[in-house]
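First up is the structure itself, then whatever we jot down about it.
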Amino acid sequence: MESESLKERKALENEITKGMEQVKQLRASSSGNEESALERMLTSYEEALLILQEIASDEQGQSVMSLSSDAPGPSKDSNIISIPSRVNTYRRREAPPVWTNQIRVTSNDKYETALDDGYSWRKYGQKDILGFKYPRSYYRCAYSHGQGCLATKQVQRSNDDPFTFEVTYRGEHTCIGQAHVAAPQRRPS
DNA sequence: ACAATTTGACCGGC
DNA sequence: GCCGGTCAAATTGT
């Protein structure tokens, strides 16, 4: 039975990996705005793989605990009650996914158009960063209202090539069906 | 009048 | 104390 589920796990892992490769291939020949979507797909795959690993290590269970046996823990004195406690319940911090895109801006391209990823952001800061000759801008999702969206991005203009921007996203958008559908218009008058 | 941006202040981590 | 990140008051845009 165990080997059966192990086999399935391996198959699932294999499928996910195949998907990753497809996306990577797509990304290699992509341009501009679709790139961020592809990056997000990639981080989803990576997260899936991570979750799979966690499930696997959960199944193995106690073997992890044996590590602490040689630690100078609670003594074996029968007077002392050893509390099982939550030693084994490592709740892994759900780190938000982070990825950065390189965006090259052409001169006839207006910055806004090129940097527009279809979401609406609100700028909340700008800082000069050591080693960068251009300031870095900080944006958060425009509807971070209530328990809304925690998605964030930073924009950093490249030192050497002022036409290249490094856009770093952190966190997935939890907001859906919002106003950003109406993004790609902004016609020049 | 309201909403978004700007910008120095502020804060936490190293 | 410096550095990167965020806050928030002032300013600017619509």
Side-chain angles (χ1 to χ4, degrees), chain A residues 20 23-24 27 30-51 53-54 57 64 67-68 71-73 85-189:
Chain A
M20 283 183 77
V23 175
K24 281 181 185 172
R27 180 183 58 174
S30 76
S31 63
N33 296 343
E34 38 190 323
E35 209 172 300
S36 71
L38 293 175
E39 289 296 336
R40 263 174 290 162
M41 289 185 207
L42 264 187
T43 59
S44 287
Y45 282 123
E46 280 161 11
E47 265 301 307
L49 238 31
L50 244 159
I51 292 168
Q53 284 175 15
E54 280 189 65
S57 65
V64 181
L67 278 180
S68 58
S85 77
R86 58 197 67 203
V87 156
N88 209 15
T89 62
Y90 296 107
R91 201 91 286 271
R92 191 170 67 92
R93 171 85 179 102
E94 177 101 25
V98 178
W99 71 94
T100 92
N101 296 344
Q102 244 84 237
I103 297 187
R104 180 103 110 243
V105 166
T106 67
S107 39
N108 52 344
D109 230 352
K110 277 322 163 201
Y111 294 49
E112 308 220 329
T113 313
L115 294 180
D116 192 1
D117 49 19
Y119 289 97
S120 42
W121 304 92
R122 193 168 78 247
K123 186 173 183 175
Y124 67 91
Q126 173 170 311
K127 260 295 223 168
D128 288 320
I129 301 301
L130 213 75
F132 290 87
K133 63 179 297 191
Y134 301 100
R136 173 179 304 171
S137 319
Y138 301 85
Y139 301 83
R140 71 166 49 97
C141 181
Y143 27 69
S144 53
H145 310 145
Q147 276 297 54
C149 198
L150 301 176
T152 261
K153 78 167 175 180
Q154 316 180 349
V155 177
Q156 173 69 63
R157 169 138 54 174
S158 167
N159 273 349
D160 37 311
D161 178 16
F163 292 95
T164 301
F165 291 79
E166 210 173 74
V167 184
T168 301
Y169 297 87
R170 67 174 24 99
E172 210 56 74
H173 282 276
T174 58
C175 50
I176 18 89
Q178 313 285 359
H180 72 78
V181 203
Q185 76 301 57
R186 181 89 31 169
R187 78 187 63 231
S189 55

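Letters go in sequence order (proteins before strands), and every chain restarts at 1. Keep in mind that what you see is a predicted model, and the values were worked out from it rather than measured.
Within a 6.0 Å radius of NZ in A:K123, more than 12 heavy atoms belonging to other residues, nucleotides or ligands are found.
The aromatic rings of A:Y124 and A:Y138 lie tilted to each other, with the angle between the two planes from 30° to 60°.
Not counting sequence neighbours, the partners of A:D160 by the side-chain hydrogen bond (donor to acceptor under 3.5 Å, both in side chains) test are A:S158.
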Give every pair of a protein N or O atom and an N or O atom of nucleotides 3-11 of chain C that lie under 3.5 Å apart, one pair per line with the distance.
unit_1: C:dG4; atom_1: OP2; unit_2: A:L130; atom_2: N; d: 3.1
unit_1: C:dG4; atom_1: N7; unit_2: A:K127; atom_2: NZ; d: 3.3
unit_1: C:dG5; atom_1: OP2; unit_2: A:R136; atom_2: NH1; d: 2.6
unit_1: C:dG5; atom_1: OP2; unit_2: A:Y138; atom_2: OH; d: 2.8
unit_1: C:dG5; atom_1: O6; unit_2: A:K127; atom_2: NZ; d: 3.3
unit_1: C:dT6; atom_1: OP2; unit_2: A:Y124; atom_2: OH; d: 2.2
unit_1: C:dC7; atom_1: OP2; unit_2: A:R140; atom_2: NH2; d: 2.6
unit_1: C:dC7; atom_1: N4; unit_2: A:Y124; atom_2: O; d: 2.9
unit_1: C:dA8; atom_1: N6; unit_2: A:Y124; atom_2: O; d: 3.1

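Contact annotation: the side chain of A:W99 never approaches that of A:T168 to less than 4.5 Å [non-hydrogen atoms, C-beta and beyond].
Here the closest heavy-atom approach between residue A:N101 and residue A:Y169 is recorded as ND2-CE1, 3.7 Å.
Along DNA chain B, read 5' to 3', the first and last nucleotides having any atom under 4.0 Å from a heavy atom of chain A are B:dT5 to B:dT7.
For the 3.5 Å distance criterion, the side chains of A:Y134 and A:D128 fail to qualify, holding no donor opposite an acceptor.
Exactly one of A:K153, A:Q156, A:Q102, A:Q154 qualifies for a side chain to side chain contact (heavy atoms under 4.5 Å, CB included) with A:V167. That residue is A:K153.
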